[in-house]
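Owing to the predicted nature of the structure, the values given are computational and were not obtained by experimental measurement.
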Amino acid sequence: QVQLVESGGGLVQAGGSLRLSCAVSGRTSSYYAMGWFRQAPGKEREFVAAISWTGTNTYYSDSVKGRFTGSRDNAKNTVYLQLHNLRPEDTALYYCAAGPRYSTYPRDYDYWGQGTQVTVSS
């Protein structure tokens, strides 16, 4: 079993930055690929970033590429998502997820956190 707890969300003006964290606990946490997803009210859950279990491979959605950076520190069992140049359309509940496969699909992740809210004002 793996437990995930996100933090770091908040209210920020357009153009600002935030760093989201995802604390991972449970068995063999460093052997999971990690994903970040987001969901805005009335919309489906959307892929944001994927990070391989070593952290050497990352993949981003086109909407965040060049603005968001995913990373992980397996020694601290923590995964990060650095958000730069935020836009109002980035407003959503951001989730981290863990799974055996480096993927852009929610169905490939077995464990999910409760989410952290990011709100970007114009």
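- At distances below 3.5 Å, not a single donor-acceptor pair connects side-chain atoms of Tyr60 with backbone N or O atoms of Arg67.
- From Thr116, atom OG1 reaches atom CH2 of Trp36 across 8.0 Å, with rounding to the nearest 0.5 Å.
- For the side chain to side chain contact (heavy atoms under 4.5 Å, CB included) test, residues two or more places apart in sequence or in another chain that qualify with Val120 are Val12, Ala14, Leu86, Pro88, Asp90, Thr91, Val118.
- Between Leu83 atom CG and Thr69 atom OG1 the span is 9.0 Å, to the nearest 0.5 Å.
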### Verdict with reasoning, Val24 to Thr78, per side-chain contact (heavy atoms from CB on, under 4.5 Å)
CA-CA 6 Å; Val24 185; Thr78 304; over 6 Å; no
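- Take Ser17 and apply the side chain to side chain contact (heavy atoms under 4.5 Å, CB included) test, not counting sequence neighbours, and it matches Gln82, His84.
- Contacts classified as disulfide (SG to SG under 2.5 Å) and involving residues 54-122 (residues at least two apart or in different chains) are given here: Cys22-Cys96.
- Partners of Asp108 by salt bridge (charged side-chain N to carboxylate O under 4.0 Å, His left out), not counting sequence neighbours, listed by chain and number: Arg101.
- Shortest non-hydrogen contact noted between Asp110 and Pro100 is OD2-CD, 3.3 Å.
- Counting only distance, with no hydrogens or angles, the side chain of Glu6 and the backbone of Gln114 share a donor-acceptor pair below 3.5 Å.
- Listed by chain and residue number, Ala75, Lys76, Tyr80 satisfy the side chain to side chain contact (heavy atoms under 4.5 Å, CB included) test with Asp73 (two or more places apart in sequence, or in another chain).
- Connectivity analysis of hydrophobic side chains (ILVMFWY, heavy atoms under 4.5 Å, direct or indirect) links Trp112 to Phe37, Phe47, Tyr59, Leu93, Tyr95, Tyr102, Tyr109.
- Screening residues 39-53 for salt bridge (charged side-chain N to carboxylate O under 4.0 Å, His left out) gives Arg38-Glu46 as the qualifying pairs, with residues at least two apart or on separate chains.
- Using modelled atom types, one finds no donor on one side chain facing an acceptor on the other under 3.5 Å when comparing Asn85 with Arg87.
- Contacts of Thr56 classified as side chain to side chain donor-acceptor pair (under 3.5 Å), with partners at least two apart in sequence or in another chain: Thr54.
- Residue pairs meeting the disulfide (SG to SG under 2.5 Å) criterion with at least one partner in residues 40-87, sequence neighbours excluded, are absent.
- Legend: residues meeting side chain to side chain donor-acceptor pair (under 3.5 Å) with Ser7, ordered by chain and number and at least two apart, are absent.
- Residues Val79 and Ile51 meet the side-chain proximity criterion, which asks for heavy atoms closer than 4.5 Å.
- With sequence neighbours excluded, the residues forming a side chain to side chain contact (heavy atoms under 4.5 Å, CB included) with Gln1 are Gln3, Tyr111, listed by chain and number.
- Scanning all heavy atoms of the two residues, the minimum distance from Val2 to Leu4 falls at CG1-CD2, 3.8 Å.
- Scanning for side chain to side chain donor-acceptor pair (under 3.5 Å) contacts around Thr119 gives Gln117, with sequence neighbours left out.
- Rounding to the nearest 0.5 Å places CG of Leu81 at 11.0 Å from CE of Met34.
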